[in-house]
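Read the structure below first, then the notes.
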Amino acid sequence: MEKLMSVVVVLGVVAAVLLQCTTAQTVHVVGDNIGWTIPQGGAQAYQTWAASKQFVVGDFLTFNFTTNEHDVLKVPKESYDACSSANPIGNTITTGPANVTLEAAGSHYYICTVGRHCLAGQKLAITVSSSLGATPPSTNTPTTPTTPTPTSTTPADCSPSPTPSPRKVEGPSTMASPPPPSSSSIGVFASFFVSLISVAIAFLF
């Protein structure tokens with residue numbers, strides 16, 4: 001009987017781990033049904049889409065596009081704002097559909113570098129949280145300017161010196177073309193595994 005309890009406990013732990021894996025990652029299809037294309041509503045279409053999602057480290061972005069018609073490039077905010085491929089973060093993905101793993105919390109920026117597609121609104125900005133339900137890190141932290149305390153009576157010595165602005169560091173993201181594992185297939189496997197445990201326990205009694 002003691003051996004049976006050990007087997008049940010071990011199998012229960014394995015089943016719990018497998019069930020946890022089913023909620024560990026989400027695949028976000030960029031733009032849902034419009035895919036990764038020049039949106040009719042301009043950049044607002046992707047802003048609205050992103051605002052309705054919660055992105056977490058470990059999630060995947062799937063950019064659905066036709067090869068040779070569009071591409072995907074991760075860039076810093078300055079390049080995103082200017083629709084410039086300057087200072088890329090990683091390589092341009094030219095084969096669609098493309099899957100990108102979100103590996104770091106913070107702001108992530110993606111553009112299409114084909115022609116004037118980015119200027120027409122084919123660009124995406126998202127904020128990634130470290131865990132589900134966590135507040136995404138703020139990238140626009142306001143700084144309060146400080147006025148130096150005068151140490152001299154000479155007016156030139158009392159002029160404020162410029163405060164350097166904080167540097168923004170982008171986290172890496174892995175851009176990969178193979179599709180991510182489907183969470184539903186893990187769920188099916190976990191259900192099969194639990195059923196198999198039930199059958200094994202039935203044979204032991």
Side-chain angles (χ1 to χ4, degrees), residues 23-132 134-142 165-185:
T23 60
Q25 51 192 237
T26 302
V27 178
H28 301 279
V29 178
V30 176
D32 290 329
N33 59 348
I34 67 169
W36 185 239
T37 187
I38 301 171
Q40 289 190 353
Q44 184 62 42
Y46 290 117
Q47 291 169 0
T48 302
W49 175 83
S52 70
K53 308 293 181 199
Q54 182 174 8
F55 304 98
V56 179
V57 171
D59 285 357
F60 296 92
L61 292 179
T62 298
F63 292 85
N64 280 330
F65 64 92
T66 304
T67 301
N68 297 324
E69 288 185 20
H70 303 287
D71 61 23
V72 179
L73 179 64
K74 184 174 183 186
V75 294
K77 182 174 183 352
E78 296 75 24
S79 297
Y80 170 85
D81 290 339
C83 281
S84 167
S85 58
N87 304 313
I89 302 170
N91 297 320
T92 304
I93 302 174
T94 58
T95 305
N99 297 300
V100 176
T101 304
L102 301 175
E103 291 188 340
S107 295
H108 298 253
Y109 303 94
Y110 303 92
I111 64 171
C112 178
T113 65
V114 175
R116 299 177 55 85
H117 293 192
C118 179
L119 292 170
Q122 191 174 359
K123 60 185 189 172
L124 173 68
I126 63 169
T127 303
V128 179
S129 300
S130 58
S131 63
L132 197 59
T135 304
S138 174
T139 57
N140 296 328
T141 307
S165 60
R167 284 185 59 160
K168 184 177 157 212
V169 179
E170 287 287 332
S173 72
T174 301
M175 297 187 179
S177 54
S182 171
S183 294
S184 62
S185 63

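For the single chain, residues carry numbers from 1 onward in sequence order.
Note that the CD1 atom of I93 and the OG1 atom of T113 stand 11.0 Å from one another [nearest 0.5 Å]. Annotation: the span from T62 atom OG1 to N64 atom CG amounts to 6.5 Å, rounded to 0.5 Å. Annotation: the span from L124 atom CG to I111 atom CD1 amounts to 11.5 Å, rounded to 0.5 Å. Taking CZ from F63 and CD from Q122, the interatomic distance works out to 9.5 Å, rounded to the nearest 0.5 Å.
For residues 25-57, the set of pairs meeting the disulfide (SG to SG under 2.5 Å) definition, not counting sequence neighbours, is empty. Applying the salt bridge (charged side-chain N to carboxylate O under 4.0 Å, His left out) test to residues at least two apart or on different chains, the pairs with a partner in residues 80-102 are K77-D81. A disulfide (SG to SG under 2.5 Å) check over residues 38-67, counting only residues at least two apart or in different chains, returns nothing. Within the structure, no pair that satisfies the salt bridge (charged side-chain N to carboxylate O under 4.0 Å, His left out) test touches residues 34-44, not counting sequence neighbours. Contacts classified as salt bridge (charged side-chain N to carboxylate O under 4.0 Å, His left out) and involving residues 109-124 (residues at least two apart or in different chains) are not found. Listed by first then second residue, pairs satisfying disulfide (SG to SG under 2.5 Å) with a partner in residues 34-65 number zero, not counting sequence neighbours. Applying the disulfide (SG to SG under 2.5 Å) test to pairs two or more places apart or on separate chains, none has a residue in residues 28-68. Among pairs with a residue in residues 68-89, those fulfilling ring pair (Phe, Tyr, Trp, His ring centres under 6.0 Å) read H70-H117, Y80-Y109, at least two apart in sequence or across chains.
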With a cut-off of 3.5 Å and sequence neighbours excluded, list every side-chain donor-acceptor pair involving residues 36-45.
unit_1, atom_1, unit_2, atom_2, d
W36, NE1, D71, O, 2.8
Q44, NE2, T48, OG1, 3.0

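Applying the disulfide bond (SG atoms under 2.5 Å apart) criterion to C118, with sequence neighbours excluded, gives C83. For N87, the side chain to side chain contact (heavy atoms under 4.5 Å, CB included) criterion is met by P76, S79, not counting sequence neighbours. Remark: D32 engages W49, K53 in a side chain to side chain contact (heavy atoms under 4.5 Å, CB included) (not counting sequence neighbours).
Among Y46, Y110, F55, the one residue that satisfies the ring pair (Phe, Tyr, Trp, His ring centres under 6.0 Å) test with H28 is F55.
When every heavy atom of Q54 is checked against every heavy atom of D59, the shortest pair comes out as O-OD2, 3.8 Å.
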